[in-house]
Amino acid sequence: MWQAFADMMGKWMSGLPPSWKDLSPFTEEEMQMKWAPLVFAETRKYTNEELVSMSVRYGKEGRLAPISPVVAARLFS
């Protein structure tokens with residue numbers, strides 16, 4: 001799902017750090033906090049509705065379909 005999210009955001013080649021073989025490092029809070037600013041910078045470009053629509057469309061037509069990127073509503077700005 002992370003690679004699908006990166007692809008949906010137009011960041012296919014930067015979806016994972018080169019040293020990662022899978023997403024297990026991202027389960028660590030330190031890694032989540034490191035990547036959070038980059039994720040937030042991309043998702044702030046869209047409304048919640050746009051992100052949900054993009055995710056649904058990606059799940060139907062994206063490079064990794066039927067995988068859909070996971071998106072969640074922002075509760076604060």
Side-chain angles (χ1 to χ4, degrees):
M1 287 183 212
W2 175 257
Q3 189 65 53
F5 173 77
D7 190 29
M8 182 181 84
M9 294 284 107
K11 309 287 184 187
W12 174 260
M13 297 307 291
S14 59
L16 293 173
S19 62
W20 289 11
K21 296 188 185 332
D22 58 38
L23 291 178
S24 59
F26 199 68
T27 62
E28 300 168 16
E29 184 177 358
E30 180 181 336
M31 281 294 176
Q32 292 173 9
M33 297 308 292
K34 177 182 176 182
W35 284 85
L38 298 171
V39 171
F40 295 156
E42 292 301 317
T43 58
R44 281 190 183 112
K45 297 175 184 177
Y46 305 95
T47 66
N48 294 334
E49 292 79 15
E50 288 171 326
L51 286 169
V52 170
S53 177
M54 289 167 61
S55 180
V56 169
R57 185 171 49 247
Y58 188 93
K60 293 176 182 176
E61 304 168 3
R63 182 188 325 230
L64 298 176
I67 297 171
S68 294
V70 174
V71 295
R74 290 186 313 248
L75 300 177
F76 53 89
S77 51

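Everything numeric in this text was worked out from a predicted model, so none of it was measured.
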| Between Y46 and V52, does a side chain to side chain contact (heavy atoms under 4.5 Å, CB included) hold up when you go through it step by step? | CA-CA 10 Å; Y46 305 95; V52 170; over 6 Å; no

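Across all their heavy atoms, G59 and S68 have their closest contact at CA-OG, 3.2 Å. Taking every heavy atom of both residues into account, M33 and P37 meet most closely at O-CD, 3.3 Å. What you find for Y58 and A4 is that their closest heavy atoms are CE2-CB, 3.6 Å.
Using a 4.5 Å heavy-atom cutoff, the side chains of I67 and F5 are not in contact. The side-chain heavy atoms of L51 and M9, taken from C-beta on, include a pair separated by under 4.5 Å.
Rounded to the nearest 0.5 Å, atoms CD (E29) and NZ (K34) are 15.0 Å apart. Atom OG1 of T43 and atom CD of E50 lie 11.5 Å apart (nearest 0.5 Å).
Using a distance-only test at 3.5 Å, with no hydrogens or angles considered, no donor-acceptor pair links the side chain of E42 to the main chain of V39.
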